[in-house]
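These notes are about the structure you will find just below.
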Amino acid sequence: MLTLRRFGGPVLLPLLGVLLFAGSLVPSLHGHGTQVGGMPARPYDALAIVAIALQCAPLLVCRRWPVACFALVALGFALDQLRGYHSFAGTALPIALLNVSLLLERRRRVTAGLCSLALVSLVIAFSLLGPGEPMVEFVMFYLALVLVWGIGVGLRATRLAEAERRRRVAEETRTAERTRIARELHDVVTHHVTAMVMQAEAARYLTAAPERLEQNLTAVADTGRRAITDLRHLLDVLSPDHGMPAADGFSTLVEQTRRAGQPVEYTEKGTPADPAGNAGPVAYRVVQEALTNALKYAHGSRTSVQVHHGEKEITVEIDTEDSGSVVMASGGSGRGLDGLHERVEVLGGDFSAGKREDGGFSVRARIPAGSAS
């Protein structure tokens with residue numbers, strides 16, 4: 001389908017104008033152009049060159065001034081037909097009309113009405129200056145112009161609909177990206193800050209044991225540095241196709257949680273698939289969020305983390321004893337476990353999180369490897 005960009009490109013219309021002007025000057029094409037009004041043919045003279053120029057030259061700048069250019073083309077066409085030149089340049093009239101219907105943004109009905117009035121005036125001039133033609137000929141010519149106008153209106157509507165669709169897609173993409181970034185920041189900041197708070201709280205009770213106090217403060221500093229590293233990684237890439245923050249991300253995450261006072265048993269089996277796609281980063285975030293919740297709502301309770309790398313998927317299981325709170329079931333902001341549920345499902349996996357009958361809390365995730373976000 002002809003689009004506005006292709007029709008009104010910076011080269012096409014000027015090229016058509018040049019070709020029509022050159023074709024109109026070819027002797028074998030004289031008198032073989034558009035014929036309306038029944039005026040007898042006559043040989044070209046100086047006025048014929050003016051009529052041809054009026055029809056062809058405006059096409060050079062018709063994208064910038066569509067209405068003015070169409071008016072000049074219509075004037076040249078009327079002169080061409082009233083004088084009986086019937087030049088090849090008459091083809092410029094429907095081209096200029098199509099251009100107007102495509103580009104004109106305001107007063108479209110007024111413009112269409114003025115064009116109709118101009119045609120009526122031309123018909124009257126034909127009846128006064130020459131033998132004239134049957135009215136049906138003028139009606140057919142008018143309907144042909146209406147068809148050209150309608151094509152332009154349809155193409156314009158298609159263009160506007162496409163622009164609106166692109167705008168909606170862009171807005172949805174921006175919203176999804178902002179949501180994804182918010183979730184990434186939530187995962188990184190909440191985990192590290194929670195660990196630092198727990199470590200700092202523990203340090204208050206270690207003033208009588210300088211060695212343990214120093215170890216605890218060192219752990220706080222290490223956690224802070226880890227948070228800065230993860231934030232830099234996130235701000236550097238902000239791309240779902242990057243891997244986990246580090247090759248040993250799971251073990252580092254578990255060790256950090258242990259330093260915050262949470263007893264964690266960690267088991268990792270298998271070899272990560274190649275390519276793993278987004279499975280690795282999402283699995284990392286699942287473990288991170290589950291350990292963060294364990295620190296916040298079941299501090300000191302034993303937690304087990306099991307990560308299994310299969311050929312086509314990564315399976316993650318996190319169990320915490322005696323969580324003692326239903327708050328862990330989901331994040332009220334939608335950026336906790338609920339957000340992870342959505343991210344796993346987008347990759348075609350399964351996610352579940354909830355309290356067990358014995359009072360503990362479990363998180364399960366199966367994430368297909370090689371999936372792109």
Side-chain angles (χ1 to χ4, degrees), residues 1-36 44 47-83 85-116 118-119 122 140-170:
M1 177 180 289
L2 182 65
T3 64
L4 175 63
R5 179 174 297 180
R6 291 177 180 176
F7 177 81
V11 176
L12 180 58
L13 289 179
L15 179 61
L16 287 175
V18 173
L19 291 177
L20 289 175
F21 184 83
S24 299
L25 299 181
V26 176
S28 61
L29 294 179
H30 287 185
H32 294 284
T34 304
Q35 298 186 25
V36 178
Y44 283 13
L47 198 55
I49 303 301
V50 174
I52 292 172
L54 281 174
Q55 295 175 86
C56 298
L59 294 183
L60 301 177
V61 292
C62 135
R63 289 184 70 238
R64 187 169 183 179
W65 299 291
V67 176
C69 290
F70 174 72
L72 290 175
V73 171
L75 179 61
F77 180 82
L79 179 61
D80 185 300
Q81 299 302 316
L82 288 171
R83 292 284 293 176
Y85 300 127
H86 305 147
S87 69
F88 188 65
T91 309
L93 181 67
I95 295 176
L97 181 61
L98 180 60
N99 182 71
V100 168
S101 64
L102 282 168
L103 296 181
L104 190 61
E105 296 181 356
R106 296 180 298 175
R107 300 178 179 176
R108 298 173 62 83
R109 294 183 179 180
V110 174
T111 301
L114 291 176
C115 291
S116 299
L119 181 60
L122 183 61
M140 294 300 295
F141 179 70
Y142 178 75
L143 292 178
L145 295 180
V146 170
L147 177 61
V148 172
W149 179 271
I151 292 174
V153 171
L155 292 177
R156 176 178 173 81
T158 300
R159 183 202 66 167
L160 294 177
E162 177 64 16
E164 177 63 19
R165 186 191 68 81
R166 291 179 180 273
R167 186 195 65 78
R168 289 198 305 268
V169 170

Checking Asp80 side chain against His86 main chain: does a donor-acceptor pair fall under 3.5 Å? yes

Within the 4.5 Å heavy-atom criterion, are [X] and [Y] side-chain neighbours or not?
| X | Y | value |
| --- | --- | --- |
| Leu13 | Leu16 | yes |
| Tyr44 | Ser87 | yes |
| Leu102 | Val153 | no |
| Ile95 | Leu20 | yes |
| Val26 | Phe88 | no |

From [atom1] ([X]) to [atom2] ([Y]), nearest 0.5 Å:
| X | Y | atom1 | atom2 | value |
| --- | --- | --- | --- | --- |
| Tyr85 | Ile49 | OH | CD1 | 9.0 Å |
| Leu97 | Phe70 | CG | CZ | 4.5 Å |
| Asn99 | Ser101 | CG | OG | 7.5 Å |
| Leu103 | Trp65 | CG | CH2 | 13.5 Å |
| Leu75 | Leu93 | CG | CG | 11.5 Å |
| Leu98 | Leu145 | CG | CG | 11.5 Å |

Any chance CZ of Phe141 has more than 12 other-residue heavy atoms, nucleotides or ligands included, within less than 6.0 Å? yes

Within 6.0 angstrom of Arg165 CZ, more than 12 heavy atoms from elsewhere: yes

Any salt bridge between Glu164 and Arg167, counting N to O under 4.0 Å? yes

Closest non-hydrogen atom pair, Ile52 against Ala89: CG2-CB, 4.0 Å

Atom of Ala53, atom of Pro58 and distance for their closest heavy-atom approach: O-CD, 3.6 Å

Apply side chain to side chain contact (heavy atoms under 4.5 Å, CB included) to Leu47 and Arg83, showing your working. CA-CA 9 Å; Leu47 198 55; Arg83 292 284 293 176; 3.5 Å; yes

